[in-house]
**Student:** 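Attaching a single structure in structure tokens format; questions to follow.
Count residues from 1 along the sequence.
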Amino acid sequence: MPPNGEAFNAMVDATLYRLVLGFLGASAIALWAKRATMLSRSGAVAAVMAGTIACLGGWHLALLLAAFFLSSSSLSLLPGTSRGEPGDIIAKGSRRDARQVFANGGAFTICALVSAYSQNPAWTAAALGSIFTATADTWATELGLTFGGQPRSAVSWKRVPPGTSGAVTAAGTVGMFLGAGFMGTVAVLAGVDTRVAVIGATAGVLGAVTDTLLGATIQERRMCATCNRQTERVLHSCGRTTDRSGGIRGFDNDLVNLTSTICGGIVAWLLILSSGGG
């Protein structure tokens, strides 16, 4: 067994190695994504930070973050007849900014960082639950917009325009399970224990359902008086400033995403503890 000083130096060297490779890999992906208009400048910087930190938790976590981002960004480029209206409703487009990156990957990044130094498998499971939630929710949204037609509110079950937060379609629901299953498969291929991957996928689905319910109930809703249309935008496409028509003031889609990813992480944490794996 090496002396403590040698062990410490080895740990520092391994940490620096992961940081450098993580930074280079994340920078390459972020640069490509920015050129492909998937990320804004602030989004690219945030993605590099998240990717670099994720590497500290292990290459499997870095791979999962990359799988989430690349798959979700690619799906946002899909064509579809339901994609005409959402731009008039959704506050932000497919070009993610720093706030969106943090909303989807912030909880995951924190869990990955704590996991790196605590060596507690519960934190790894929490990281999986968080990023699986973001993936399941994003896949549900993108596939729902492309193939789902006109959705229904998850609460009132009334038909609402495509792109409305808290709305569901059959295609979107299938997309939610596909997203969680895809990430579970990537996790297992990356060396994650199958039981932990299943827990992460389960937490991801439950987190995505939470996202839908939050979007349908307490997310801020706005109305354009000129167009008489619901929207998430403060400034509508017609140029008029919109008025709040419901929900909690300031609790926008980014905060819904952040809250749901935290919930997904907590669910995975509780599941792994209850199974004796923490």
**Student:** Taking the side chain as everything from C-beta on, heavy atoms only, tell me whether Gln100 gets closer than 4.5 Å to Asp254.
**Tutor:**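 With C-beta onward as the side chain, the pair touches.
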
**Student:** How long is the straight-line distance from CG of Leu206 back to CG of Leu271, given to the nearest 0.5 Å?
**Tutor:**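 The distance works out to 7.5 Å.
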
**Student:** To the nearest 0.5 Å, tell me how far Ile218 CD1 sits from Arg249 CZ.
**Tutor:**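 Ile218 CD1 to Arg249 CZ: 15.0 Å, rounded to 0.5 Å.
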
**Student:** Considering only heavy atoms from C-beta outward, does the side chain of Arg18 approach that of Thr52 to under 4.5 Å?
**Tutor:**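 Side chain of Arg18 against side chain of Thr52, heavy atoms only: no contact under 4.5 Å found.
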
**Student:** Are the side chain of Ser156 and the backbone N or O of Ser153 linked by a donor-acceptor pair below 3.5 Å?
**Tutor:**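 Checking the backbone N and O of Ser153 against the side chain of Ser156, no donor-acceptor pair under 3.5 Å is found.
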
**Student:** Crowded around Arg244 CZ? As in, over 12 foreign heavy atoms under 6.0 Å?
**Tutor:**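 Result for CZ/Arg244: enclosed.
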
**Student:** Check this for me: Phe251, atom CZ, are more than 12 non-hydrogen atoms of other residues, nucleotides or ligands nearer than 6.0 Å?
**Tutor:**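 Atom CZ in Phe251 is packed in, count exceeds 12.
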
**Student:** Taking Ser165 for its side chain and Gly215 for its backbone only, find out whether a donor-acceptor pair lies under 3.5 Å.
**Tutor:**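 The answer is no, because no donor-acceptor pair under 3.5 Å joins these two groups.
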
**Student:** So for atom CE, which belongs to Met49, do other residues, nucleotides or ligands contribute more than 12 heavy atoms lying within a distance under 6.0 Å?
**Tutor:**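 No, CE of Met49 has 12 or fewer neighbouring heavy atoms, counting only those of other groups under 6.0 Å.
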
**Student:** Name all residues meeting the ring-ring contact (aromatic ring centres under 6.0 Å, His included) criterion together with Phe102; count only those two or more places apart in sequence or in a different chain, and write none if there are none.
**Tutor:**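 Checked Phe102 against ring-ring contact (aromatic ring centres under 6.0 Å, His included); zero matches.
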
**Student:** Hey, does Leu70 have a side-chain heavy atom less than 4.5 Å from the side chain of Ile29?
**Tutor:**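 When only atoms from C-beta onward are counted, Leu70 and Ile29 do touch, with a gap below 4.5 Å.
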
**Student:** Are any non-hydrogen side-chain atoms of Phe108 and Leu128 less than 4.5 angstrom apart?
**Tutor:**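 Not in contact.
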
**Student:** So does Leu258 get a backbone contact from the side chain of Thr261, meaning a donor-acceptor N/O pair under 3.5 Å?
**Tutor:**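 At least one qualifying donor-acceptor pair exists.
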
**Student:** When you compare the side chains of Ser275 and Arg195, does any donor N or O come within less than 3.5 Å of an acceptor on the partner?
**Tutor:**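 Yes, because at least one side-chain N or O of Ser275 sits under 3.5 Å from a partner of the opposite role on Arg195.
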
**Student:** Within the distance-only criterion (no hydrogens, no angle test), does the side chain of Ser42 pair as donor or acceptor with the backbone N or O of Asp97 below 3.5 angstrom?
**Tutor:**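 No; judged by distance alone, with no hydrogens or angles, the pair does not exist.
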
**Student:** OG of Ser274 to CD1 of Ile199: how many Å apart, nearest 0.5 Å?
**Tutor:**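 Reported to 0.5 Å precision, the distance equals 7.0 Å.
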
**Student:** Counting N and O atoms only, with roles assigned by atom type, does the side chain of Thr169 sit under 3.5 Å from a partner on the main chain of Pro151, one being a donor and the other an acceptor?
**Tutor:**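 Pair absent, no side-chain N/O of Thr169 close to backbone of Pro151.
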
**Student:** To the nearest 0.5 Å, tell me how far Ser40 OG sits from Arg99 CZ.
**Tutor:**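 These two atoms lie 13.0 Å from each other.
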
**Student:** Is there a donor-acceptor pair closer than 3.5 Å between any side-chain N or O of Ser115 and the backbone N or O of Cys111?
**Tutor:**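 Checked: no pair found.
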
**Student:** Is a side-chain N or O of Ser72 found less than 3.5 angstrom from the main chain of Phe68, in a donor-acceptor match?
**Tutor:**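 Yes.
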
**Student:** Verify whether one side chain among Gln230 and Thr164 offers a donor that lies under 3.5 Å from an acceptor in the other.
**Tutor:**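 Side-chain D/A pair, Gln230 to Thr164: absent.
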
**Student:** Which atom pair, heavy atoms only, marks the closest approach of Ala268 to Gly129?
**Tutor:**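 Residues Ala268 and Gly129, closest heavy atoms: CB-CA, 3.9 Å.
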
**Student:** If you look at every heavy atom in Pro162 and Gly149, which pair is closest and at what distance?
**Tutor:**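 Closest approach of Pro162 to Gly149, heavy atoms only: CG-O, 4.0 Å.
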
**Student:** Using the side-chain contact (heavy atoms from CB on, under 4.5 Å) rule, take Thr133 and Cys263 through it: C-alpha gap first, then chi angles, then the decisive distance, then the call.
**Tutor:** CA-CA 9 Å; Thr133 294; Cys263 288; over 6 Å; no

**Student:** Taking all heavy atoms of Gly250 and all of Leu255, pick out the closest pair and write down the distance.
**Tutor:**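 Gly250 and Leu255 have their closest heavy atoms at O-CD1, 3.3 Å.
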
**Student:** Under 4.5 Å between side-chain heavy atoms, hopping through other hydrophobics if needed: is there a path connecting Leu61 to Leu24?
**Tutor:**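 No; tracing contacts between hydrophobic side chains, which count when under 4.5 Å, never links both residues.
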
**Student:** Any chain of hydrophobic side-chain contacts (each under 4.5 Å) joining Val196 to Ile266?
**Tutor:**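 Yes, same cluster.
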
**Student:** Would you confirm whether the ring centroid of Phe177 sits within less than 6.0 angstrom of the ring centroid of Trp139?
**Tutor:**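 Ring-ring flag for Trp139/Phe177: false, centres at least 6.0 Å apart.
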
**Student:** Just verifying a value: how many Å separate Ser71 OG and Leu178 CG, rounded to the nearest 0.5 Å?
**Tutor:**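 Taking OG in Ser71 and CG in Leu178, the distance rounds to 11.0 Å.
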
**Student:** Taking the side chain as C-beta and beyond, is there a heavy-atom pair between Val186 and Phe182 under 4.5 Å?
**Tutor:**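 Val186 reaches Phe182 side chain to side chain.
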
**Student:** Side chains of Thr138 and Leu75: closer than 4.5 Å at any heavy-atom pair?
**Tutor:**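 Contact flag for Thr138/Leu75 side chains = no.
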
**Student:** Does the side chain of Asp252 come within less than 4.5 Å of Gln219's, by heavy atoms?
**Tutor:**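 Heavy-atom side-chain distance check fails, nothing below 4.5 Å.
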
**Student:** Apply the test side-chain contact (heavy atoms from CB on, under 4.5 Å) to residues Trp59 and Leu21: give CA-CA distance (whole Å), side-chain angles for both, the deciding distance (0.1 Å), then the verdict.
**Tutor:** CA-CA 10 Å; Trp59 301 118; Leu21 284 188; 3.8 Å; yes

**Student:** I would like to know whether Ile131 and Asn104 meet side-chain contact (heavy atoms from CB on, under 4.5 Å); could you show each step before the answer?
**Tutor:** CA-CA 7 Å; Ile131 202 67; Asn104 286 282; over 6 Å; no

**Student:** Do the side chains of Trp32 and Val101 join up, straight or via other hydrophobic residues, at under 4.5 Å, putting them in one cluster?
**Tutor:**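 Same cluster.
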
**Student:** May I ask you to decide if Gly246's main-chain N or O and Arg221's side chain share a donor-acceptor pair within less than 3.5 Å?
**Tutor:**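 No; zero donor-acceptor contacts below 3.5 Å.
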
**Student:** Provide the closest heavy-atom pair for Ala116 versus Leu56 in the form atom of the first, atom of the second, distance.
**Tutor:**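 Where Ala116 meets Leu56 most closely, the heavy atoms are CB-O, 3.1 Å.
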
**Student:** For residues Val267 and Ile272: do they belong to one hydrophobic cluster (side chain heavy atoms under 4.5 Å, members Ile, Leu, Val, Met, Phe, Trp, Tyr)?
**Tutor:**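 Hydrophobic grouping puts Val267 with Ile272.
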
**Student:** Any sub-3.5 Å donor-acceptor pair from Arg96's side-chain atoms to Gly43's backbone N or O?
**Tutor:**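 The answer is no, because no donor-acceptor pair under 3.5 Å joins these two groups.
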
**Student:** For the side chain of Ser260 and the backbone of Asn257, is there at least one donor-acceptor N/O pair under 3.5 Å apart?
**Tutor:**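 Yes; at least one donor-acceptor contact below 3.5 Å.
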
**Student:** Could you tell me which non-hydrogen atom of Leu143 sits nearest to which non-hydrogen atom of Gly175, and how far apart they are?
**Tutor:**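 Here Leu143 and Gly175 meet closest at CD1-CA, 3.6 Å.
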
**Student:** Evaluate side-chain contact (heavy atoms from CB on, under 4.5 Å) for Phe69 paired with Leu39, printing each intermediate quantity in order.
**Tutor:** CA-CA 10 Å; Phe69 173 72; Leu39 286 173; 3.7 Å; yes

**Student:** Are Leu113 and Trp123 side-chain neighbours, meaning at least one heavy-atom pair lies under 4.5 Å?
**Tutor:**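 Result no, sub-4.5 Å side-chain heavy-atom pair not found.
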
**Student:** Give me the atom names and distance for the closest heavy-atom approach of Asp137 to Ala208.
**Tutor:**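 Of all heavy-atom pairs spanning Asp137 and Ala208, the closest is N-CB, 3.9 Å.
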
**Student:** Do you reckon Leu64 sits in the same ILVMFWY cluster as Val114, going by side-chain contacts under 4.5 Å, direct or chained?
**Tutor:**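 Cluster IDs for Leu64 and Val114 match.
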
**Student:** So how far is it from Ser245 OG to Glu220 CD, rounded to the nearest 0.5 Å?
**Tutor:**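 Spacing of OG (Ser245) from CD (Glu220) equals 8.5 Å.
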
